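First up is the structure itself, then whatever we jot down about it.
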Protein chains: 2
Amino acid sequence: MRIKLSKASDIGPLVRAVRKAQKMRQDDTAGAVGVSENFLSKIEHGADKAQWNKLFQVLQGLGIHVVLDLPEEARSYLPKGTEQS
Amino acid sequence: MRIKLSKASDIGPLVRAVRKAQKMRQDDTAGAVGVSENFLSKIEHGADKAQWNKLFQVLQGLGIHVVLDLPEEARSYLPKGTEQS
DNA sequence: ACATAATCCTGACGATCGTGAGGATTATGG
DNA sequence: CCATAATCCTCACGATCGTCAGGATTATGT
């Protein structure tokens with residue numbers, strides 16, 4: 001299921017949906033993923049100033065893949081060995 | 001052109017590739033997007049602790065779309081009105 | 001090789017983060 | 001309706017950010 005973000009804060013509700021689907025509490029997923037419960041709570045509510053690595057950590061922990069859709073013209077400037085998908 | 005991120009820092013080189021494809025200097029894109037040249041430089045080199053909103057700001061400015069790929073089970077927990085793609 | 005452009009690096013500053021702990025508030029189910 | 005779970009909120013603290021300014025380093029083109 002692929003969803004395009006239109007605002008930085010759009011990521012929050014998606015995180016929550018996936019956690020709910022996992023039948024987990026903020027408490028455990030936070031622990032399992034390695035962030036504070038406070039942090040996860042703020043994220044789910046759309047806090048958009050979080051640090052990218054922490055946020056990515058949460059996404060990975062929940063099994064959410066991040067895909068970037070970039071203009072075709074950029075292809076030739078990509079570092080070699082860049083994976084598709 | 002879709003690329004899946006495997007590390008948080010993977011985003012950097014992609015930003016650079018798109019900027020190059022635009023024939024722009026860090027200087028201008030930074031200005032156009034509303035961040036410092038220093039910030040953009042660090043991002044392109046894989047700085048992963050940047051704030052998500054600033055980073056997203058750069059992606060948007062460059063025309064890079066962010067797509068989240070989440071498990072199908074999460075569908076029913078999504079807030080209504082969630083856009084696909 | 002040279003001159004200039006473009007990028008990178010460093011340090012300092014104010015602003016903001018993420019965490020932990022504690023208490024309020026809201027859901028859940030018996 | 002009540003008890004408990006789950007989530008949220010607030011505060012203070014140390015850590016880190018993003019910006020600016022300046023100088024170094026690396027690319028580019030002639």
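This structure is a prediction, so every number in the text was calculated from the model and none was measured. Chain letters run A, B, ... following the sequence lines, proteins first, then strands; residues in each count from 1.
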* Closest to the A:Gln51 side chain, choosing from C:dG18, D:dG18, C:dT19 ->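 Of the candidates, C:dG18 comes closest.
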* Asked: Is B:Val33 reachable from A:Leu5 through a run of hydrophobic residues whose side-chain heavy atoms are each under 4.5 Å from the next?
  ->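 Yes.
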Value in whole Å for how far the [atom2] atom of [N] lies from [atom1] of [X]:
X: A:Phe39; N: D:dT7; atom1: CZ; atom2: C1'; value: 17 Å
X: B:Leu55; N: C:dC17; atom1: CG; atom2: C1'; value: 16 Å
X: B:Trp52; N: D:dC17; atom1: CH2; atom2: P; value: 17 Å

* Asked: Is the shortest side-chain N/O distance from B:Lys49 to OP1 or OP2 of C:dG18 below 4.0 Å?
  ->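 Checking B:Lys49 against C:dG18: no side-chain N or O falls below 4.0 Å of OP1 or OP2.
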* Beyond-backbone contact of B:Leu78 with A:Met1, side-chain heavy atoms, under 4.5 angstrom ->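 Yes, close enough: below the 4.5 Å cut-off.
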* Mind listing the closest non-hydrogen atom pair of A:Arg25 and A:Asp28 along with its distance? =>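 For A:Arg25 versus A:Asp28, the nearest heavy atoms are NH2-OD1, 2.8 Å.
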* Asked: What is the minimum heavy-atom distance between B:Gly46 and B:Ser9, and which atoms define it?
  ->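 Closest approach of B:Gly46 to B:Ser9, heavy atoms only: O-CB, 3.2 Å.
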* To do: May I ask you to decide if A:Gly34's main-chain N or O and A:Gln57's side chain share a donor-acceptor pair within less than 3.5 Å?
  =>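 The answer is yes, because a donor-acceptor pair under 3.5 Å joins these two groups.
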* Given DNA chain D, 5'-ward residue of the pair B:Ala50 and B:Lys20, judged by closest heavy atom ->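 On the 5' side of the pair lies B:Ala50.
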Using a cut-off of under 3.5 Å, enumerate the N/O to N/O pairs linking the protein to nucleotides 8-14 of chain D.
unit_1 : atom_1 : unit_2  : atom_2 : d
D:dC8  : OP1    : A:Arg16 : NH2    : 2.5
D:dC8  : OP1    : A:His45 : NE2    : 2.3
D:dC8  : OP2    : A:Arg16 : NH2    : 3.3
D:dC8  : OP2    : A:Gln26 : OE1    : 3.3
D:dC8  : OP2    : A:Gln26 : NE2    : 2.4
D:dC8  : OP2    : A:Ser41 : OG     : 3.2
D:dC8  : O5'    : A:His45 : NE2    : 3.2
D:dT10 : O4     : A:Asn38 : ND2    : 2.9

